[in-house]
Each structure stands twice: as structure tokens, then as C-alpha cells.
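Letters go in sequence order (proteins before strands), and every chain restarts at 1.
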There are 4 protein chains.
Amino acid sequence: MAVDRERVLKEAAALLTRRATTSMDEIARAAGISRATLHRHFAGRDALIRALEEHGIAQFARAMDAARLDEGDAAGALRRLIEAAEPVAAVLAFLFTENQLFEGDEVNAGWARLDARITALFRRGQAEGDFRIDLSAAWLTEALYGLMGAGAWAVHEGRVARNDLNHSIAELLLGGIRRSMEK
Amino acid sequence: MAVDRERVLKEAAALLTRRATTSMDEIARAAGISRATLHRHFAGRDALIRALEEHGIAQFARAMDAARLDEGDAAGALRRLIEAAEPVAAVLAFLFTENQLFEGDEVNAGWARLDARITALFRRGQAEGDFRIDLSAAWLTEALYGLMGAGAWAVHEGRVARNDLNHSIAELLLGGIRRSMEK
Amino acid sequence: MAVDRERVLKEAAALLTRRATTSMDEIARAAGISRATLHRHFAGRDALIRALEEHGIAQFARAMDAARLDEGDAAGALRRLIEAAEPVAAVLAFLFTENQLFEGDEVNAGWARLDARITALFRRGQAEGDFRIDLSAAWLTEALYGLMGAGAWAVHEGRVARNDLNHSIAELLLGGIRRSMEK
Amino acid sequence: MAVDRERVLKEAAALLTRRATTSMDEIARAAGISRATLHRHFAGRDALIRALEEHGIAQFARAMDAARLDEGDAAGALRRLIEAAEPVAAVLAFLFTENQLFEGDEVNAGWARLDARITALFRRGQAEGDFRIDLSAAWLTEALYGLMGAGAWAVHEGRVARNDLNHSIAELLLGGIRRSMEK
DNA sequence: TATGAATGAGTCTTCATTCAT
DNA sequence: AATGAATGAAGACTCATTCAT
């Protein structure tokens, strides 16, 4: 019976997200395979994390595709992105933090491409007059990551209901805290 | 020559913030002492992280005091808090993520107390009609942490200028992305 | 297509001769078969080495037969032996070194028989007054092995021409280094 | 109590000489230290073997110095070399066989220097008319190694008396097997 | 007090070997 | 019969921690 690579990555993500020092043994056990088999599929710990990155990048890219970032107004696109990316948020947060930054390789190029797409969305919103222009698109991109990560964590810790998550992030990001007249 | 406990904590924070798995050896070397000496001052790795937490908590608490959260309107207090807490942001982000949650001890009580003060601030803003009420104060607290962490990281990575940091966080948090009429 | 047992042994000998820790995987690959198949043909690593020994012993025995050790004078017989054994020299050197001495089994009996034949040759030379008697036949046997191994290695390393090999060994062994009057 | 590096190397040589796959654990135990300590002193298995090489080279070089290869006739110098090098013979044989040939580094340069000194000795003997010239000095060098290795092994296996060893090697090498008139 | 040295406990990794197709 | 996949066992290695000076 072939090992389900997807499953291994999923379990690894789940565990590593909670504790960055999770051992290969624990990951293998969680995936229902032996340590040796885990090593057969991922040459080593680094390789596994690398694969996790590639997987996360791919998933995130797919989420962006699904969100059709270029269609409609930027705010709507952003909402769709947040919703589509929700399932990946936790892994992204982990990779973001742990990322040993193997400088100058393909994986980093992957990250850069994702960043660029999101930054482009914020730029479009600014160009179309929907988003304020005194906050740089680069910062907004980082802020989005930060809020998604915080949100995933807050849900995990039981401080925010899963059903409220996307709404909470999108509303905060788009409208801020202030109660405004016209709302 | 007495070991500078402050310095050790500072170096440890700097390193651990960047890589959660930094070894005791690296920390010791960064602090300019031997591993053995590090152990003499902090009973063990856990103890070191614990001390880091206590230190972070204390610093953060002091930042809150300095920000006089109860004075003036909530928005102003929030701005002051962000500014005052800036130097601690990175450590907080680390502790926030890594915190192994030594359930039910004094350190956690410390965190809870900090959380409570911030949450109270958001509640006050909501009660006074300044902050919207459809986003829970708990979530806003988490979001603040997330944005401070993302901001510290963005500065570290060179994507946001240090001088813009506080403004970037406060504006985003308070006003959101949307360009509104009255602004 | 049936696996060519001969080929496997040949490749194994070639690899193991160069590095005693060559893995089963490397051997299998060199032989153009899978690890599993290698195991189907040789019950395990030990079994493979055992087979290699048996094969080497058989080859060496055949070489002795071909050299007609009992015919003519001992020196001539020795020359013929060196020449006939040349192709096996490298494997013999490996087995000689690596031989884990599975005490008291048939393979060792095989070695003993070979040793005995060679030793007998040296004894004959001594008895017939051709070889000096102050060097034990047992030592001469070991020395022959040593020189054959060194020779195979020297050829492999390009320090001795293959065509000179047998002559170099035989001359050294028979005549030594010294330039003597009567030569 | 400081670990005796010499002792570790000595034990490692003794064990590895007998079985090339001796584990780090066994070596550590034989040296009376823990595995971790062994690793503290030799970064890894490779490093240990490397150190063994350097040590062997140094010892062999010292043996050459002690043998005063340039003094007296070449035959006498060779005898002195064999005697002086006897204690290192086994290690040399191991290194010779196992040598992973870390191409182009200092260790290999060390080997080359040793080879050169010995080869020079044989050349001198040839130039002075003591050694025959139809056997290349390079081959004689290899042959010397081969005989020293075979001798060490023969002693270890109980086939040659330790006290006869040097004589056996020197006589064979210098005079060959043949009984000559004048002897 | 400070530290070089030593180590126990655990993790990663590899290998020979078996299993299921 | 042949093999890709899986694994137990064993070895290499690292790290936090302790010890002796």
C-alpha cells in the first residue's frame, strides 16, 4: 500500500505548526508509517520541511487562483483570498516563522512570487482608489500574513470561533477598528 | 566579573526570536560566556525561556504603565501602547508563538493579566463608542499581537522603515485599509 | 531474464575489493538488478561474501591446477602459479583482509586446503634445495599473498604496468632485491 | 581528567585494524570514554580516521627519521626502516586498504611524501649498485608495504613469531627465496 | 565564580532485510 | 522471477546538563 504523501505532509504540518521541534519519529507515527519509511520519502528533516514549503506554496497559489484576485473590486478579491487561504494559514505561519531561508533557491523564488501577487492586489486597490495609499502595499502584505497567523492561532486557542475567523480578519483589515459615521 | 544577566536575556531573545531552536551553546556564545556558566545562571533551557517570559512580561507591563491606558480616548491610548511596546514586540512575538504553556503557573497568570489589560482597553473603546463592537475585544487583542509581530519582522527584513512602524500598525488597526470619505 | 549470478559476483568483487563497506544497494545497482533481487539470490550480505569466497577459492584452486604445482622445479611452478592466479589476486586480497573468519566451517576448510597446497610447494622447493630454509614455508605463503595483493593494487593505482606485474612479483619473490654476482 | 588522545587513537587503530567496521561505540568503550566524548574529540567517524591517518603518517615519518635512511648502505637502511616501522605496520595496512582517498588534500600529500622517501631509498640502492635495477623503485615501495602488511597479519594470526618478523621481511625482500651459492 | 571537559539521553539517518504485488 | 515499498535494528550524531578544577 503506497504511502500517502499528502497525508504525511498534512500530519507533519499539523504537528510542526503546534511544536516546531516535533521529532521525525512523532511525525512518522502520526502518519502511520515507520521512521525509516518517512526517510525513504523525505531524505531528511530538512527535506521534509522543504517539501512542506513547496506544498504550502502550491496550496497558497491555488487559493489565490481560486480567489480570482484580478476580478471585481480589490476589497472583494481580498475577502475571497482570506477565505480561500484559511486552510493554509497555520502552515504558512509556521513556515514563515521557522523558514531557515535557504537563500537564493527555488523555494524562496516561490515565496517571492506569492508575495508579489498579493502586493499587486493591494496596489490595484490603491490605484483604483479603494485602498488608502499612505500604507505601503508591502506592509499590507505582511500585515495580512500577521493577521492570518494570529487568527489561526486564536482559533486554535479557542479565543475566536472558527466561523467568525474570515470575517474577523477581513473586517479588521478593510475597515479597521474605528466606528465610522457612514457605517 | 559578574555575568550581565540582562545581556544574556537580550541576546537570547534576539536569537530565539529568529530561530526557535537556537541551542544553548549559541546563546552562550552570543552572550560571551561559556555554556556551563549559562547553566549556572539559568537552571536549564526551560528556566531560561521562563526567565525570558518573565522579563518580557515585566517589560510589557511597564510599557503599558507608560502608555497610561486609562487616560484620554481609547484610540490615543492604543497609539501610545503601540509606541511604548515597540521595543518588546519581537520578544513578545516569539514567546507568543513558542510559549509551551506551562499550564497553570505564575507566568501564565502574568500573560493573562496583560491580556486582560489590553482587552479592557478595547472594551473601553467599544463602550465609549469609539471602536466598533462587531469585532470581539479578544480578537482585537490577538490581532494587535499579530500586527506587532508582523511589523517587527517586516522591519527586520527591511520591508518597512523602522520610523514608519508604529504609524503603520496604528493606522491599519484603527482605520483599516479602506479609503473613507471623511479622511 | 535470469539473473547472471556470475556477473553479480564479479561486480561485487570489484566493488568490495575497493571498499569493504560497499552497501548491498551499490552492489545491486552495479549488477543491474534491484536490491530485493540481490537478496533473492544471496540470502544476505554474509551469504554473498560467503559465495564470493567460495567462488574465489574455486577459481584459485583451478588456477593451481592449471599451474601444475607438482611438475618441474619449484621456482617454475611458482612462476606458473603467480601467472595463473593473477586474475583472482584482487578478490583474494579482499577476502584475505576482510575474512571475518566464520570459524570452523567449510569455507575455512577450503582456504586451509589452498594454503596447504602453496605451503607444500614452498616446502618442496626447500627440500629440493632450491629455496632457502631459514624462511618458513608458512611465511612465504603469506608473503606471496601480500605481494600479489600489493601488485594488484599497484596496477590499479597505475604504479605498475599490467604487463610487468607477474614478472615483478616472481622476480622479487625468487631473487630478492639484491644484485648478486652470478645473476 | 583529560582524555588521552593518544590512547584513543591507539585503541581505535587496534580495533579498526582487526575489523574495519568497528563502531564508534566500541572504540569509545575501548578507550574508556563515552561516545559523546569521543565525538567531542573527533568530529565524526571520518575525522577519527583522518586523525588516524595523520598519526600514522607522523609515526611512520618518525620511524624513517630514526632509521636514518641516508646513512650507510641502502640494504642496511632498509633493514633499519623495517625494524623501526614495525609497530606502525598494522595501522598502515589498514589505512592503505581503507583509505577513502580524500583526493587532493594534505593527508594525501603526507602519504606522497612518505612514498617518495622510500622510493628514494630504493633508487639510491640501485644507483650504488646494491639493488637490481630491473624492478622499479615504485614497485619495490609497494612491495615493501605489502610485505609489512602481510607480516603484521601473519603475526596476528599466529603464523609467524613476532621475533622473526623483521628478519623474515628483510631477508625475503633483500635476498629473495632462492638459495644462492655464496650463502 | 567561571569554565573546559565529560556524559546520558535522545534524535537523525542508514542499512540489510522482508513483504506484497 | 523480479521488484517497489516498507521496516527493524543499529549506528552516527547532537544537545542539554553535570562535574571537577
Side-chain angles (χ1 to χ4, degrees), chain A residues 1-5 8 21-29 31-49, chain B residues 1-5 8 12 21-29 31-49, chain C residues 1-5 8 12 21-29 31-49, chain D residues 1-5 8 19-29 31-49:
Chain A
M1 178 203 330
V3 162
D4 189 345
R5 200 183 152 94
V8 174
T21 58
T22 307
S23 75
M24 291 296 271
D25 195 20
E26 290 171 295
I27 294 171
R29 218 161 335 147
I33 59 178
S34 79
R35 229 177 334 181
T37 302
L38 179 56
H39 273 273
R40 237 178 73 68
H41 287 270
F42 303 93
R45 191 172 224 292
D46 285 357
L48 174 60
I49 291 187
Chain B
M1 175 204 329
V3 162
D4 187 344
R5 196 181 156 94
V8 174
T21 57
T22 306
S23 74
M24 292 295 271
D25 192 22
E26 289 171 295
I27 294 171
R29 222 167 325 154
I33 59 177
S34 78
R35 238 175 321 176
T37 305
L38 179 54
H39 273 274
R40 267 182 51 72
H41 285 268
F42 301 94
R45 187 173 225 285
D46 285 357
L48 173 60
I49 291 186
Chain C
M1 181 202 326
V3 162
D4 187 345
R5 199 181 153 95
V8 174
T21 57
T22 307
S23 72
M24 292 295 272
D25 193 21
E26 290 171 294
I27 294 171
R29 223 167 326 155
I33 59 177
S34 80
R35 238 177 320 178
T37 304
L38 179 56
H39 271 273
R40 266 180 52 71
H41 285 269
F42 302 93
R45 188 173 223 284
D46 285 357
L48 172 61
I49 291 187
Chain D
M1 177 204 329
V3 161
D4 187 345
R5 197 182 152 95
V8 174
R19 188 159 43 88
T21 57
T22 306
S23 76
M24 293 295 273
D25 194 19
E26 289 170 295
I27 294 172
R29 219 163 332 149
I33 59 178
S34 77
R35 231 174 333 182
T37 302
L38 179 55
H39 274 275
R40 236 178 74 68
H41 287 269
F42 302 94
R45 192 173 222 290
D46 284 358
L48 174 60
I49 291 187

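- Rounding to the nearest 0.5 angstrom, the gap separating the NE2 atom in D:H39 from the OG atom in D:S34 is 9.5 Å.
- In the set F:dA2, E:dT7, F:dT17, the nucleotide with an atom closest to the side chain of D:A36 is E:dT7.
- Between the CZ atom of D:R35 and the P atom of E:dG10 there is a distance of 13 Å, given to the nearest Å.
- The distance from atom NE2 of C:H39 to atom P of E:dA20 is 17 Å, rounded to the nearest whole Å.
- Put simply, CG on D:L38 is 15 Å from P on E:dA5, counting in whole angstrom units.
- If A:M24 and B:G32 are placed on DNA chain E by their nearest nucleotide, the residue sitting closer to the 5' end is B:G32.
- The two residues B:G44 and B:M24 come nearest to each other via the heavy atoms C-CE, 4.0 Å.
- The separation between D:I49 atom CD1 and F:dA12 atom C1' is 13 Å, rounded to whole Å.
- The interatomic distance linking C:D46 (CG) with E:dC15 (P) rounds to 17 Å, in whole Å.
- When all heavy atoms of A:A47 and A:A43 are compared, the pair lying nearest together is CB-N, 3.7 Å.
- Between atom CZ of residue A:R29 and atom CZ of residue A:R35 there is a gap of 8.0 Å, rounded to the nearest 0.5 Å.
- With F:dT3, F:dT7, F:dA16 as the choices, the nucleotide that has an atom nearest any side-chain atom of C:T37 turns out to be F:dT3.
- Atom P of nucleotide E:dT17 and atom NE2 of C:H41 are separated by 16 Å, given to the nearest angstrom.
- Rounding to whole angstrom units, CG of residue D:D4 and P of E:dA6 are separated by 11 Å.
- Here the closest non-hydrogen pair linking C:H41 and C:R5 is O-NH1, 3.7 Å.
- Distance check, rounded to the nearest 0.5 Å: CZ of D:R45 to OG1 of D:T21 gives 7.5 Å.
- In this structure, A:R45 atom CZ and E:dT13 atom P are separated by 9 Å, rounded to whole Å.
- Positionally, the nearest nucleotide of DNA chain E for D:R40 lies more toward the 5' end than for the other of D:R40 and A:A43.
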Which dot-bracket notation, 5' to 3', represents the base pairing of DNA chain F when pairs are defined as Watson-Crick or G-U with both distances under 3.5 Å, crossing pairs as [ ], and inter-strand pairs as |? .||||||||||||||||||||
